[in-house]
Amino acid sequence: MSGQTNQKKSVKKLRVDKILSHMGYGTRSEIKKAVKNGYVSVNGKVIKDSGMQVDPYHDLIDIDGETVKYREFIYLMLHKPQGVISATEDTREETVIDLLDEEYALFEPFPVGRLDKDTEGLLLLTNDGQLSHNLLSPKKHVPKTYEAIVAGEMGAKEIDAFKQGVTLDDGYTTKPAVLEITSVESSEEGKTSHVLVTIHEGKFHQIKRMFETVDSKVLYLKRISMGALQLDPLLPIGSYRELTEEELRILTGSDTKE
Ligand code: URA
């Protein structure tokens with residue numbers, strides 16, 4: 001028995017300079033200066049201490065006449081281009097975080113899962129660790145759909161193999177996946193198949209390794225959905241935007257109740 005616990009959600013207070021620098025109003029020392037010069041007020045009162053603890057969701061913070069709209073998390077849909085890596089930092093390679101404007105990078109987002117350097121398409125960037133965990137947890141079986149161009153002619157045999165599960169080079173047998181064939185094209189170099197593949201797990205290079213088991217090779221790979229989130233067809237390659245409230249709601253599954 002844990003006894004009586006306080007059921008009221010405790011309000012997390014933060015230093016006002018931390019909030020303001022997090023929201024892009026300057027460095028901590030710039031904020032300190034602004035406070036000293038009387039530019040910052042909390043609930044209508046000019047403050048003196050830049051280390052003052054405030055409730056960012058309920059206290060009204062103004063800086064230079066502008067009311068600060070605080071938020072802790074950001075959720076970005078990136079149309080990842082080829083040639084950048086799904087990491088937060090790297091000494092040699094350009095990362096997906098390098099594609100962001102400072103106002104978003106300030107939130108220290110990270111990619112939810114990885115796409116290979118030569119894979120393009122939907123990549124969610126957030127600083128919400130819980131959402132990331134929920135989307136990546138093997139227990140949640142979140143489906144991911146990829147568009148691919150692969151070598152050779154795919155057909156019923158490959159559809160069935162993916163449905164049954166294929167054994168990868170490390171001995172792992174994949175969970176049932178759906179292979180749909182959109183078209184088969186012929187050229188002087190041979191045949192290629194345009195396909196859609198949906199998997200519910202995310203092993204290293206999974207799609208590429210799955211096609212190797214059916215004697216094919218991935219020539220082009222693009223992720224088009226993750227769970228209920230679809231890549232916005234109007235989002236140009238290399239661009240990103242915040243998720244809409246609706247996208248966030250369906251992604252977190254919070255519209256299932258009410
Ligand atoms: N499977 C792959 O092989 N590569 C990716 O980038 C994503 C899934």
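Quantities reported herein were computed from a predicted structural model and do not represent experimental measurements. Atoms within a ligand are numbered from 1 in the order they appear, just like the ligands themselves.
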When you measure from the side chain of [X] to the backbone N and O of [Y], does any donor-acceptor pair fall under 3.5 Å?
X: S86; Y: L115; result: yes
X: K144; Y: E201; result: yes
X: N127; Y: I74; result: yes

Part of V218 with heavy atoms under 4.0 Å of ligand 1, whether side chain, backbone, both or neither: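 It is neither; nothing of V218 touches ligand 1.
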
Checking heavy atoms under 4.0 Å, the part of T119 that sits near ligand 1 is side chain

Less than 4.0 angstrom from a charged side-chain N to a carboxylate O is my criterion; do D169 and R209 meet it?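 R209 and D169: salt-bridged.
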
Would D170 and K203 pass as an ion pair if we require N to O under 4.0 Å? no

re atom 4 (N) of ligand 1, the protein heavy-atom contact at minimum distance is D116 OD2, 2.7 Å

Atom 1 (N) of ligand 1: nearest protein contact (heavy atom, Å): I207 N, 3.1 Å

Short list, please: which atoms of ligand 1 are under 4.0 Å from a heavy atom of Y146? 7 (C), 8 (C)

Taking 4.0 angstrom as the limit and counting only heavy atoms of Q206, give me the atoms of ligand 1 inside it, by number and element. 1 (N), 2 (C), 3 (O)

Between ligand 1 and H205, is the shortest N or O to N or O distance under 3.5 Å?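 Looking only at distances, the answer is yes, because the N/O contact criterion of under 3.5 Å is met.
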
Heavy-atom contact check, 4.0 Å cutoff: does F204 meet ligand 1?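 F204: no contact with ligand 1 (<4.0 Å).
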
For E247 and Y75, does a side-chain donor sit closer than 3.5 Å to a side-chain acceptor? no

